Amino acid sequence: MELNELQSQRAAKLERLRTNGIEPYPTRAQRTHTIATALAAFDQLADATVPIILTGRVVGARRIMGKIAFAHIDDGTATIQLWLSRAEVGDDWFQRFRDDLDTFDIVEVHGTLRRTKAGEASLFVTAMHLLTKTINPPPEKWAGLSDVEERHRQRYLDLIVNHDVREVFRARAAAITAMRHVLDTQGFLEVETPVLQPLYGGAAARPFTTYHNTLGQNLYLRIATELYLKRLIVGGFPGVYEIGKNFRNEGVDRSHNPEFTMMECYQAYGDYTTMMRLVEDLMRAMCQAVNGATSATYQGQSIDFGPAWHCLPMAQAISARAGIDIVAANDLASLQQAITAAGLHVEPKTTWGKQVDELFSAYVQPHLVQPTFITEYPVELSPLAKRIPDRPAFTERFEAFAVGMEIGNAFTELNDPFDQEQRFLDQGRDFAAGDEEAHQMDVDFLNALMYGMPPTGGLGMGIDRILMVLTDRPNIREVILFPHMRQREA
RNA sequence: GGGCCGGUAGCUCAGUGGUAGAGCACCUGACUUUUAAUCAGAGGGUCGCGGGUUCGAUCCCCGCCCGGCUCACCA
């Protein structure tokens with residue numbers, strides 16, 4: 001290791017401690033309380049001068065004044081002030097605290113709880129042990145660690161220094177726990193399906209590819225769990241869900257990370273309307289778990305997950321926002337003509353469905369701030385969704401939006417194996433025509449459907465994006481502990 | 001991939017065609033109720049990397065690397 005000046009100073013202190021018989025990395029720690037439990041019982045413990053032992057990392061400045069010193073320690077549950085008196089803790093340890101310990105070192109401290117004259121609840125230290133000597137110095141005291149790249153690359157340091165970052169990830173865990181609770185109590189079984197797949201499917205995306213050496217087989221990292229979960233509905237489970245990572249070989253921006261966490265669930269004998277109710281239940285529960293209420297504030301706007309969501313067919317939404325009737329303009333040429341006639345500027349696309357999607361993304365989606373379901377998607381954008389019985393160009397599908405961002409996608413699942421085969425064949429033509437995200441033919445999945453899948457509702461929800469909304473973070477990297485970062489030069 | 005902005009001490013940032021700056025941190029000393037402790041003093045730099053212009057480049061020019069925002073892609 002090459003050490004800079006500050007690191008070398010700390011390494012020298014470490015050697016001095018060793019020379020004086022102090023092991024800088026002892027094997028075990030002892031404590032009687034966490035800081036949080038000690039503070040909760042402060043009055044009883046202080047009044048009876050009960051000797052206790054706490055542990056934690058020294059955070060903030062050590063304030064050392066000749067024969068007395070103060071510092072704070074943090075054990076992950078709370079912080080507490082240490083109050084050291086030279087007379088009480090002894091010359092050796094007082095001097096060691098001053099000369100050989102540093103901010104960020106981790107210590108075990110023995111003493112009694114006592115309030116200072118300023119009124120701060122403190123541990124009056126009678127003895128101390130070093131638990132871990134640190135080599136790296138802390139960032140600046142006030143501005144702290146604010147460089148976004150450094151925060152993400154050194155998330156451990158970000159978490160030490162920026163306590164609101166810890167809260168984001170506690171919120172994330174609480175939200176996922178709440179999500180599991182809703183799904184478990186509504187009869188869904190949590191399952192795990194393959195990440196390494198011989199065929200990728202269930203979404204429109206380019207995959208990451210990898211290779212199994214001994215089998216000599218190309219494999220893909222999954223882009224969705226959908227096709228495996230539906231096989232399990234064929235297998236007879238009444239409801240299944242999986243919360244796990246998907247991997248999509250696409251661009252990276254503030255709402256896309258190459259690997260992201262998705263919850264997908266499938267409910268036998270349900271349909272897309274039962275999935276709407278489930279989304280409402282899930283979002284209410286997750287918002288409650290994170291914010292203690294069914295509304296959240298995102299970038300200054302209140303987002304309310306309490307009431308039933310707005311619900312609007314895609315054609316109506318586009319008509320209202322862009323003034324284009326996609327039901328009348330039902331082929332690519334007439335749609336593009338209508339767009340031109342309306343004076344709209346939309347990226348030209350190669351198919352009617354993609355053009356509809358583009359129109360929607362440009363003119364409707366940014367306005368979907370409050371929770372909204374957009375329903376009835378074009379069939380060619382939805383190769384796994386069932387058609388609306390009397391309008392076969394559209395599917396029983398919705399996407400869930402909030403703060404202008406897609407956070408969920410659901411449909412009545414296509415269970416007609418012949419229609420499914422035809423959709424795959426159509427997708428195959430798109431792929432041959434250069435659409436790298438077109439869905440692949442999956443013969444085994446068709447085989448499963450030929451054993452019969454009951455009418456089923458399915459839903460996918462992007463956990464990371466939901467957490468962005470619930471924790472008011474405008475960048476997906478703020479809700480992923482270790483977001484993807486470009487590799488640094490050696 | 002395009003556009004805009006940025007990369008200077010451990011951290012947060014200023015700055016200039018002529019020996020590199022501040023605050024915090026760190027180091028030395030003083031100090032028995034601090035909590036942005038205070039006071040006195042000292043040290044610390046590949047100015048992202050490579051090339052060019054110049055007597056001289058951290059500064060100007062070109063290329064590259066990395067990051068942020070944004071557009072495109074991506075539901």
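Bear in mind that the values here come from a model prediction, so they are computed numbers and not experimental data. In what follows, every chain begins at residue 1, and chains take the letters A, B, ... in the order their sequences are listed.
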Trainee: Look at the side chain of A/L145 and decide which nucleotide, out of B/rC27, B/rU34, B/rC11, has an atom nearest to it.
Mentor: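 For A/L145, the side-chain atoms sit closest to B/rC11.
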
Trainee: Tell me which nucleotide, if any, is Watson-Crick or G-U wobble paired with B/rA30 when both distances must be under 3.5 Å.
Mentor: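 Across all strands, the one nucleotide that pairs with B/rA30 is B/rU38.
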
Trainee: Under a 4.5 Å cut-off applied to non-hydrogen side-chain atoms, are A/Y25 and A/T132 in contact?
Mentor: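 Counting from C-beta outward, A/Y25 and A/T132 do come under 4.5 Å.
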
Trainee: Distances under 3.5 Å only, N/O to N/O: pair up the protein atoms with those of nucleotides 21-25 of chain B.
Mentor:
unit_1: B/rC24; atom_1: O2'; unit_2: A/E140; atom_2: OE2; d: 3.3
unit_1: B/rC24; atom_1: O2'; unit_2: A/K141; atom_2: N; d: 3.4
unit_1: B/rA25; atom_1: OP1; unit_2: A/K141; atom_2: NZ; d: 2.9

Trainee: Using whole Å, what does the distance between atom C1' of nucleotide B/rU38 and atom CD1 of A/I68 come to?
Mentor: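 Between C1' of B/rU38 and CD1 of A/I68: 15 Å.
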
Trainee: Counting only side-chain heavy atoms from C-beta out, which of B/rU34, B/rC31, B/rU33 sits nearest to A/I64?
Mentor: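 Of B/rU34, B/rC31, B/rU33, B/rC31 is nearest to the side chain of A/I64.
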
Trainee: Could you state the CD-P distance from A/Q154 to B/rU12, rounded to the nearest angstrom?
Mentor: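 To the nearest whole Å, that distance equals 10 Å.
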
Trainee: Between B/rG18 and B/rC47, how many Å separate the two C1' atoms, rounded to a whole number?
Mentor: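 Straight-line distance between the two C1' atoms is 16 Å.
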
Trainee: Say we look at B/rA40 and B/rC60: how far apart would their C1' atoms be, to the nearest angstrom?
Mentor: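 Looking at atom C1' only, B/rA40 and B/rC60 are 44 Å apart.
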
Trainee: Using a cut-off of 4.0 Å on non-hydrogen atoms, how would the nucleic acid contact of A/G60 be classed: base, sugar-phosphate, or nothing?
Mentor: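 No contact.
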
Trainee: Would you confirm whether A/N20, through its side chain, and A/R16, through its main-chain N or O, come within 3.5 Å as a donor-acceptor pair?
Mentor: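 Yes: the side chain of A/N20 pairs with the backbone of A/R16.
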
Trainee: Specify whether A/W83 and A/F124 have parallel, tilted or perpendicular ring planes, treating 30° as the upper limit for parallel and 60° as the lower limit for perpendicular.
Mentor: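 Ring orientation of A/W83 relative to A/F124: perpendicular.
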
Trainee: Taking only the P atom of each, what is the distance from B/rC27 to B/rG21 in whole angstrom?
Mentor: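 Pairwise P distance, B/rC27 against B/rG21, rounds to 24 Å.
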
Trainee: Using a heavy-atom cut-off of under 4.0 Å over every strand shown, decide if A/S146 touches base, sugar-phosphate, or nothing.
Mentor: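 Since only primed, P, OP1 and OP2 atoms lie under 4.0 Å of A/S146, the category is sugar-phosphate.
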
Trainee: At under 4.0 Å between heavy atoms, how does the protein contact nucleotides 68-74 of chain B? Give one character per nucleotide, 5' to 3', with B, S or -.
Mentor: SSS--BB

Trainee: Here's one to test your reading of the geometry: is the NZ or CZ of A/R57 within 45 degrees of the ring axis of A/F104 and under 6.0 Å from its centre?
Mentor: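 Yes, a cation-pi geometry holds between A/R57 and A/F104.
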
Trainee: Could you tell me how far apart A/R63 (CZ) and B/rU32 (P) are, to the nearest whole angstrom?
Mentor: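 Nearest whole value for this atom pair: 17 Å.
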
Trainee: What interatomic distance, in whole Å, is found between C1' of B/rG67 and the corresponding atom of B/rA25?
Mentor: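 Approximately 25 Å lies between the C1' atom of B/rA25 and that of B/rG67.
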
Trainee: Go ahead and name the base partner of B/rU53; Watson-Crick or wobble counts if both distances stay under 3.5 Å, otherwise write none.
Mentor: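 Base partner found: none.
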
Trainee: Between B/rG67, B/rG10, B/rU35, spot the one nearest the side chain of A/Q81, thanks.
Mentor: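 Taking heavy atoms from C-beta onward, the closest nucleotide is B/rU35.
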
Trainee: Quick one: look up who B/rC11 pairs with, Watson-Crick or G-U, both distances under 3.5 Å, and put none if it's unpaired.
Mentor: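 Looking at the geometry, B/rC11 pairs with B/rG23.
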
Trainee: Would you say that A/N246 contacts A/F260 through its side chain, given a criterion of any heavy-atom pair below 4.5 Å between the two side chains?
Mentor: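 Yes, at least one pair of side-chain atoms sits under 4.5 Å.
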
Trainee: Quick one: ring-ring contact (aromatic ring centres under 6.0 Å, His included) partners of A/H110, sequence neighbours excluded?
Mentor: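 With sequence neighbours excluded, A/H110 shows a ring-ring contact (aromatic ring centres under 6.0 Å, His included) to A/H129, given in chain and number order.
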
Trainee: Could you pick out which residue, A/K67 or A/E5, lies toward the 5' side of RNA chain B when each is mapped onto its nearest nucleotide?
Mentor: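 The residue mapped nearer the 5' terminus is A/K67.
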
Trainee: Go ahead and name the base partner of B/rU58; Watson-Crick or wobble counts if both distances stay under 3.5 Å, otherwise write none.
Mentor: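 Paired with no nucleotide.
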
Trainee: In whole angstroms, how far is the P atom of B/rU35 from the CZ atom of A/R114?
Mentor: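 After rounding, the gap between these two atoms is 20 Å.
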
Trainee: Taking atom P in both B/rC59 and B/rG3, what distance in whole Å separates the two?
Mentor: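 After rounding to an integer number of Å, I get 22 Å for this pair.
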
Trainee: For atom P, what is the distance between B/rG2 and B/rC64, given to the nearest Å?
Mentor: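 Straight-line distance between the two P atoms is 9 Å.
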
Trainee: If the cut-off is 4.0 Å, is A/K13 near the phosphate of B/rC27, judged by side-chain N/O to OP1 or OP2?
Mentor: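 Yes, A/K13 has a side-chain N/O under 4.0 Å of OP1/OP2 on B/rC27.
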
Trainee: Between A/H439 and A/F424, does the ring centroid distance fall short of 6.0 Å?
Mentor: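 Ring-ring flag for A/H439/A/F424: true, centres closer than 6.0 Å.
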
Trainee: Now, which nucleotide makes the Watson-Crick or G-U wobble pair with B/rC69, with each of the two distances under 3.5 Å?
Mentor: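 Paired with B/rC69, as far as the under-3.5 Å criterion goes, is B/rG3.
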
Trainee: What's the separation between atom CD in A/E259 and atom CG in A/D464, rounded to the nearest 0.5 Å?
Mentor: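 The CD atom of A/E259 sits 9.5 Å away from the CG atom of A/D464.
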
Trainee: First locate atom NZ of A/K354, then atom CD of A/E437, and finally report the distance between them rounded to the nearest 0.5 Å.
Mentor: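 Taking NZ in A/K354 and CD in A/E437, the distance rounds to 6.5 Å.
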
Trainee: Quantified in whole Å, what is the P atom distance between nucleotide B/rG68 and nucleotide B/rC62?
Mentor: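 Pairwise P distance, B/rG68 against B/rC62, rounds to 24 Å.
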
Trainee: Could you tell me whether a side-chain N or O of A/Q197 sits under 3.5 Å from a main-chain N or O of A/R222, the two making a donor and an acceptor?
Mentor: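 It does not hold such a pair.
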
Trainee: Looking across every strand, which nucleic acid part, if any, lies under 4.0 Å from A/N136 by heavy atom: base, sugar-phosphate, or nothing?
Mentor: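 Counting heavy atoms under 4.0 Å across all strands, no contact is made by A/N136.
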
Trainee: Determine the Euclidean distance between corresponding P atoms of B/rG44 and B/rU28; express it in Å to zero decimal places.
Mentor: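 B/rU28 and B/rG44 have their P atoms separated by 16 Å.
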
Trainee: With sugar-phosphate meaning primed atoms plus P, OP1 and OP2, does A/D357 contact a base, only sugar-phosphate, or nothing at under 4.0 Å between heavy atoms?
Mentor: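 Result for A/D357 = base.
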
Trainee: Whole angstroms only, please: what is the CD-P distance between A/E88 and B/rU33?
Mentor: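 Result: 16 Å.
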
Trainee: For A/E150 and B/rC13, give me the distance from atom CD to atom P, rounded to whole Å.
Mentor: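 From A/E150 CD to B/rC13 P: 12 Å.
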
Trainee: Apply the test side-chain hydrogen bond (donor to acceptor under 3.5 Å, both in side chains) to residues A/D426 and A/Q422: give CA-CA distance (whole Å), side-chain angles for both, the deciding distance (0.1 Å), then the verdict.
Mentor: CA-CA 6 Å; A/D426 293 344; A/Q422 191 55 51; 3.2 Å; yes

Trainee: Could you tell me whether A/F401 and A/F360 have their ring centroids closer than 6.0 angstrom?
Mentor: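 For A/F401 and A/F360, the ring centres are under 6.0 Å apart.
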
Trainee: Check the distance between B/rU12's C1' and A/N162's CG and give it to me in whole angstrom.
Mentor: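 Between C1' of B/rU12 and CG of A/N162: 13 Å.
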
Trainee: In whole Å, what is the span from the CG atom of A/L82 to the C1' atom of B/rU33?
Mentor: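 Rounding to the nearest Å, CG of A/L82 and C1' of B/rU33 are 14 Å apart.
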
